[in-house]
Amino acid sequence: MQQELYNVKFFFKDRFLDTPYASVMRTAFHHIAYLPLTVCNALSMERLETTARRADLPAGAAVLDIGCAYGEVSIRLAQALDARVVAVERDPVMADGAQERIAAAGLEDRIDLKRDLSGPVLAAAPPFDMIVAIGSTEPAGGGLREPAEVFAALAEHLSPGGALLWGDLFWKEEPPAPLRQIVETGGYYVSHEEWQAAARQAGLQVVSAEIADHDEWTAYRTGMETAIADWLDTHPDHPDAPSVAATAHRIKMMLDFGADYLGFGLYLFRKS
């Protein structure tokens, strides 16, 4: 997750919530809801890994994971692809959680956690063999949101033949205006076909394009809703409980109403 600490776009026990962090930062919905998820979106880790392997990266390849949340995707890529990963996460609670998980996995020598926005990290680093952006907010930095512009900007930071692993919501059909307004508070979305067209416009080859299935959506929503319900049950008097409950209610309503309109796509693009 990147840029916004209260992003309604995507919707973890509370080991972080009774620590000193609670005194300096509000407990947000995503801090709780994302804790049990390996991928913080309607996407299975198995699908993500299978797709990433199609990039045929060499051992030791340089990978950038933008908006790494609690670090599970970075960990899997380092393990499965024998990659060296730069993981970017601005949210301090999630970054601390990612650092702890990276250490527990024994991967501190292969995953470099950057507590920053992606823009400065991209500007300071040499080209990457793969950039991963799964549900990230403004991953190219600079306020870019239009898909072809985002893809072109990210492609500038790929090595020749490098890959962009992109995952995000898409519109299955034109949504009612109020739904679009709510969902696009934290991003800009197009159709499944338009994501691919934007990549081609940016000079990228579409290697694969997949759509998350019903089981992936169910696991995503059930994981979040169960984590939130458990936390609210055990923290009824927490000062942030009302805002967490309200956010959970809004997101549930949005996803219920948007079920016929929203899909989640996973795309592998390659730089020529």
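- Screening Ile102, Asp112, Ile111 for a side-chain contact (heavy atoms from CB on, under 4.5 Å) with Val85, the sole residue that qualifies is Ile111.
- Looking at His30 and Met94, their side chains come closer than 4.5 Å, going by heavy atoms from C-beta outward.
- Between Arg53 and Glu49 there is a salt bridge, with a side-chain nitrogen of the basic residue lying less than 4.0 Å from a carboxylate oxygen of the acidic one.
- Panel note: side chain Arg270, backbone Gly161; a donor-acceptor pair is recorded below 3.5 Å.
- Asp65 places no side-chain N or O within 3.5 Å of a backbone atom of Cys68 that could act as its donor or acceptor partner.
- For Glu216, the salt bridge (Lys or Arg N to Asp or Glu O under 4.0 Å) criterion is met by Arg47, not counting sequence neighbours.
- Contact annotation: the side chain of Asp256 approaches that of Arg221 to within less than 4.5 Å [non-hydrogen atoms, C-beta and beyond].
- Glu184 pairs by the side-chain contact (heavy atoms from CB on, under 4.5 Å) definition with Trp171, Arg180, Tyr188, Tyr189, not counting sequence neighbours.
- The two residues Leu37 and Gly223 make their nearest non-hydrogen contact at CD2-CA, 4.1 Å.
- Here Arg54 does not pair with Asp56 in a salt bridge; the nearest charged N to carboxylate O distance is not below 4.0 Å.
- In this structure a side-chain-to-backbone donor-acceptor pair under 3.5 Å is missing from Asn41 to Leu43.
- Separation of atoms CG (Leu164) and OH (Tyr267) is listed at 12.0 Å; rounding is to 0.5 Å.
- Residue-environment remark: CD (Gln181) stays at or below the threshold of 12 foreign heavy atoms within 6.0 Å.
- At least one side-chain heavy atom of Ile228 sits less than 4.5 Å from a side-chain heavy atom of Val244.
- Looking only at distances, a side-chain donor or acceptor of Asp240 sits under 3.5 Å from a matching main-chain atom of Thr27.
- For the pair Phe269 and Val206, the minimum side-chain heavy-atom distance is below 4.5 Å.
- One distance of note links CG of Leu165 with CG of Leu64; it measures 11.5 Å at 0.5 Å rounding.
- With hydrogens and angles disregarded, a donor-acceptor distance shorter than 3.5 Å links the side chain of Tyr70 to the backbone of His31.
- Side-chain contact between Leu179 and Val183 is present, with heavy atoms from C-beta onward closer than 4.5 Å.
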Exercise. When you look at Ile211 and Phe170, which way does the side chain to side chain contact (heavy atoms under 4.5 Å, CB included) test go after all the steps?
Worked result: CA-CA 9 Å; Ile211 296 174; Phe170 67 85; 3.8 Å; yes

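- Relative ring orientation between His238 and His235 is described as perpendicular, the plane-to-plane angle rising above 60° on a 0-90° scale split at 30° and 60°.
- Ser118 places a side-chain N or O within donor-acceptor distance of the main-chain N or O of Pro139, the cut-off being under 3.5 Å.
- In plain terms, the two heavy atoms of Leu48 and Leu266 that are nearest each other are CA-CD2, 3.8 Å.
- With rounding to the nearest 0.5 angstrom, the OG atom of Ser243 is 4.0 Å from the CZ atom of Arg26.
- For the side chain to side chain donor-acceptor pair (under 3.5 Å) test, no residue two or more places apart in sequence or in another chain qualifies with Thr226.
- Side chain of Glu89 to backbone of Arg115: no donor-acceptor contact under 3.5 angstrom is found.
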For this session: Any chance you could lay out the side chain to side chain contact (heavy atoms under 4.5 Å, CB included) test for Phe128 and Val86, step after step, and finish with the verdict?
Result: CA-CA 9 Å; Phe128 292 92; Val86 175; 3.9 Å; yes

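- For Lys172, the salt bridge (Lys or Arg N to Asp or Glu O under 4.0 Å) criterion is met by no residue, not counting sequence neighbours.
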Exercise. Can Val39 and Glu72 be said to form a side chain to side chain contact (heavy atoms under 4.5 Å, CB included), step by step?
Worked result: CA-CA 7 Å; Val39 183; Glu72 294 291 343; over 6 Å; no

For this session: Could you go through the side chain to side chain contact (heavy atoms under 4.5 Å, CB included) check for Val88 and Leu113 one step at a time?
Result: CA-CA 6 Å; Val88 180; Leu113 179 65; over 6 Å; no

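- Ring geometry for Trp195 against Phe151 counts as tilted: the plane angle lies between 30° and 60°, on a 0 to 90° scale.
- With Ser191 contributing its side chain and Glu194 its backbone, the two residues share a donor-acceptor pair below 3.5 Å.
- Heavy atoms from other residues, nucleotides or ligands lying under 6.0 Å from NZ of Lys271 number more than 12.
- Inter-residue side-chain proximity for Ile66 and Leu154 is flagged as met; some heavy-atom pair is nearer than 4.5 Å.
- To the nearest 0.5 Å, the span separating CG on Asp215 from OG1 on Thr222 amounts to 10.0 Å.
- Side-chain contact check for Tyr220 versus Cys40: every heavy-atom pair is 4.5 Å or farther apart.
- Taking each heavy atom of Ala55 and Leu268 in turn, the nearest pair found is N-CD2, 3.8 Å.
- In terms of the side-chain contact (heavy atoms from CB on, under 4.5 Å) criterion, residue partners of Gln79 (sequence neighbours excluded) are, by chain and number, Ile75, Ala105, Leu107.
- Nearest heavy-atom pair, Asp260 versus Glu173, reported as atom, atom and distance to 0.1 Å: O-OE2, 4.0 Å.
- Atom CZ of Arg84 has 12 or fewer neighbouring heavy atoms from other residues, nucleotides or ligands inside a 6.0 Å radius.
- Evaluation of the side-chain contact (heavy atoms from CB on, under 4.5 Å) rule for Glu156 yields no partner, not counting sequence neighbours.
- Ring pair Trp217/Phe264 is perpendicular by interplanar angle, where above 60° counts as perpendicular and below 30° as parallel.
- Across Trp231 and Ala241, no two heavy atoms sit closer than the pair CZ3-CA, 3.9 Å.
- Under a 3.5 Å cut-off, the side chain of Thr185 and the backbone N or O of Ile182 do form a donor-acceptor pair.
- The minimum heavy-atom distance linking Leu144 with Ala140 is given by the pair CD1-CB, 4.2 Å.
- Between the side chain of Glu146 and the main chain of Glu149, a donor-acceptor pair closer than 3.5 Å is present.
- Side-chain atoms of Val132 and Val63, non-hydrogen and from C-beta on, do get closer than 4.5 Å to each other.
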